[in-house]
Amino acid sequence: MESGFQTYADDELVDAFKQGDAKAFEELVLRYKNSLYQYIFAMTRDAGAAEDLFQETFISFFKHADKYQARGKFKAWLFLAARNRTLNFFRDRDKLFSLDQTDDEGGDLLSALPDSSPTPAEALSGRETEEQIRRAALALPVRQREMIYLRQYFSFKEIAQMLQRPLGTVLADCHRAVKKMQILLAEEVSL
């Protein structure tokens with residue numbers, strides 16, 4: 001799709017969308033569809049939930065674009081909105097689902113949970129190392145896992161600003177996450 005907006009900065013696209021140009025909104029979605037979806041999916045590990053949260057993030061922006069103030073930080077705003085929706089997803093899910101519940105037949109719901117083993121496609125693709133890293137990241141506490149995933153897209157300073165945390169705290173969280181991942185990966189290799 002050739003929209004002519006590829007060279008526009010994010011805030012220019014937002015301004016064009018606010019002035020009624022739907023193609024500017026489409027360009028924003030296209031620009032961030034891969035990285036934002038991957039971030040949400042990495043946090044939720046649920047393709048359906050990730051798709052829903054991705055759509056909800058952009059629908060919210062679509063409805064409330066007039067409230068967005070252009071400061072050259074649309075990407076950070078977008079990821080923060082997605083992060084908040086993801087945290088809400090976990091909070092709401094935890095309220096609705098307890099691991100000690102049973103299904104309609106009285107069976108243990110734990111047996112209905114999907115396992116975290118790689119799919120046949122992953123096994124065939126030869127991505128064993130990537131899978132080990134993914135499993136190690138999933139074993140991290142949510143705050144540390146979030147640091148690992150955000151660091152793929154943002155600098156430490158941008159993460160600190162986005163999360164409204166001191167830079168030193170973000171650096172320490174990232175350092176702890178990396179150290180914990182190193183330990184988890186070493187344990188997995190030794191098995």
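Worth saying up front: this structure is predicted, and the values here are computed from it rather than measured.
In this structure, Gln152 places its CD atom where more than 12 heavy-atom neighbours from other residues, nucleotides or ligands lie under 6.0 Å away. Remark: Lys18 NZ is packed, more than 12 non-hydrogen atoms of other residues, nucleotides or ligands lying under 6.0 Å away.
For the salt bridge (charged side-chain N to carboxylate O under 4.0 Å, His left out) test, residues two or more places apart in sequence or in another chain that qualify with Arg31 are Asp10, Glu27. Every salt bridge (charged side-chain N to carboxylate O under 4.0 Å, His left out) that Glu56 has, sequence neighbours left out, goes to Arg85. Under the ring pair (Phe, Tyr, Trp, His ring centres under 6.0 Å) criterion, Phe156 pairs with no residue at all, not counting sequence neighbours. Phe17 pairs by the ring pair (Phe, Tyr, Trp, His ring centres under 6.0 Å) definition with Phe25, Phe61, Phe62, not counting sequence neighbours. Annotation: ring pair (Phe, Tyr, Trp, His ring centres under 6.0 Å) contacts of Tyr8 (sequence neighbours excluded): Phe5. In this structure, the side-chain hydrogen bond (donor to acceptor under 3.5 Å, both in side chains) partners of Arg143, at least two apart in sequence or on a different chain, are Asp173.
No side-chain heavy atom of Glu158 sits under 4.5 Å from any side-chain heavy atom of Leu150. Looking only at side-chain heavy atoms (C-beta outward), Phe89 and Ile40 stay at 4.5 Å or farther from each other.
Remark: Lys75 is positioned above the aromatic ring of Phe154, its terminal NZ or CZ atom under 6.0 angstrom from the ring centre and at most 45 degrees off the axis.
Here Glu146 contributes atom CD and Met43 contributes atom CE; the two are 5.0 Å apart, rounded to the nearest 0.5 Å. Trp77 CH2 to Thr57 OG1: the interatomic distance, rounded to the nearest 0.5 Å, is 8.0 Å.
Linking Ile, Leu, Val, Met, Phe, Trp and Tyr whenever their side-chain heavy atoms come within less than 4.5 Å leaves Ile183 and Leu138 in two separate clusters.
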>> Under the criterion ring pair (Phe, Tyr, Trp, His ring centres under 6.0 Å), I'd like the reasoning laid out for Phe41 against Phe54: C-alpha separation, chi angles, the key distance, then a yes or no.
In response: CA-CA 9 Å; Phe41 179 73; Phe54 174 84; over 10 Å; no

